[in-house]
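One structure is given here, and the rest of the page talks about it.
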Amino acid sequence: MSSKIYVGNLPFSVTDSMLRSNFSEFGDVSSAKVMMDRDTGVSKGFGFVEMESAESAQAAIAGLHGAPVQGRSIVVSLARPRDAQKREAPRAGGEFRATKRSDVGYGSGGFGGGRY
């Protein structure tokens with residue numbers, strides 16, 4: 001069973017291979033990924049490492065949490081699952097309404113829209 005680890009406060013110059021090599025000292029690494037901004041391609045300053053065993057994950061967390069990496073103290077902890085309830089579900093029909101009132105907004109009322 002693999003254990004996923006969150007690594008935060010990373011310097012922007014850290015790459016996937018650097019992350020993998022740092023964590024491989026504590027055990028077998030399944031994957032190491034630094035999160036990148038979709039538009040700019042620049043690191044977001046955090047990543048995830050997946051270790052082969054829970055024991056090696058705990059050893060890596062104990063050994064690397066607070067360690068200085070290029071002048072920054074990194075944060076290492078077990079990754080939490082994404083919370084699906086926090087993300088809002090899209091509305092039916094893809095509709096967006098700033099308010100539930102039908103008499104306010106972009107109506108057919110000339111310059112400025114709706115009725116007041």
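- Between Val34 and Ser43, the shortest heavy-atom contact is CG1-OG, 3.5 Å.
- Thr15 meets the side-chain contact (heavy atoms from CB on, under 4.5 Å) test with Ser17, Met18; sequence neighbours excluded.
- The hydrophobic cluster containing Met35 does not contain Val7, counting ILVMFWY residues as joined when their side-chain heavy atoms lie under 4.5 angstrom apart, directly or transitively.
- Under the rule for a side-chain contact (heavy atoms from CB on, under 4.5 Å), the partners of Ser13 that lie at least two apart in sequence or sit in another chain are Pro11, Gln70.
- Results of the side-chain contact (heavy atoms from CB on, under 4.5 Å) test with Val69 over Leu19, Leu64, Val14 single out Val14 as the only residue that passes.
- Here Ile74 contributes atom CD1 and Asn22 contributes atom CG; the two are 7.0 Å apart, rounded to the nearest 0.5 Å.
- Across every non-hydrogen atom of Leu10 and Arg72, the tightest pair is O-NH1, 3.2 Å.
- Between the side chain of Ser73 and the backbone N or O of Gly66 there is at least one donor-acceptor pair closer than 3.5 Å.
- At distances below 3.5 Å, at least one donor-acceptor pair connects side-chain atoms of His65 with backbone N or O atoms of Val76.
- By the side-chain contact (heavy atoms from CB on, under 4.5 Å) test, Asp37 is found to be paired with Asp39, Thr40, Lys44, residues two or more places apart in sequence or in another chain being considered.
- By the side-chain contact (heavy atoms from CB on, under 4.5 Å) test, Asp28 is found to be paired with Glu52, residues two or more places apart in sequence or in another chain being considered.
- Partners of Asp16 by side chain to side chain donor-acceptor pair (under 3.5 Å), not counting sequence neighbours: none found.
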Taking distance alone, no hydrogens or angles, what donor-acceptor pairs closer than 3.5 Å link side-chain atoms of residues 54-62 to residues at least two apart or in another chain?
residue : atom : partner : partner atom : Å
Ser56   : OG   : Ser53   : O            : 2.9
Ser56   : OG   : Ser53   : OG           : 2.9

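- The cluster map of Ile, Leu, Val, Met, Phe, Trp and Tyr, joined by side-chain heavy atoms under 4.5 Å apart, puts Met51 and Leu78 in the same cluster.
- Cation-pi geometry between Lys4 and Phe48 is met: the NZ or CZ atom falls under 6.0 Å from the ring centre, inside 45° of the normal.
- Residues forming a side chain to side chain donor-acceptor pair (under 3.5 Å) with Arg20 (at least two apart in sequence, or on another chain): none.
- Follow the hydrophobic side-chain contacts under 4.5 Å out from Phe12 and you never reach Phe46; the two are in separate clusters.
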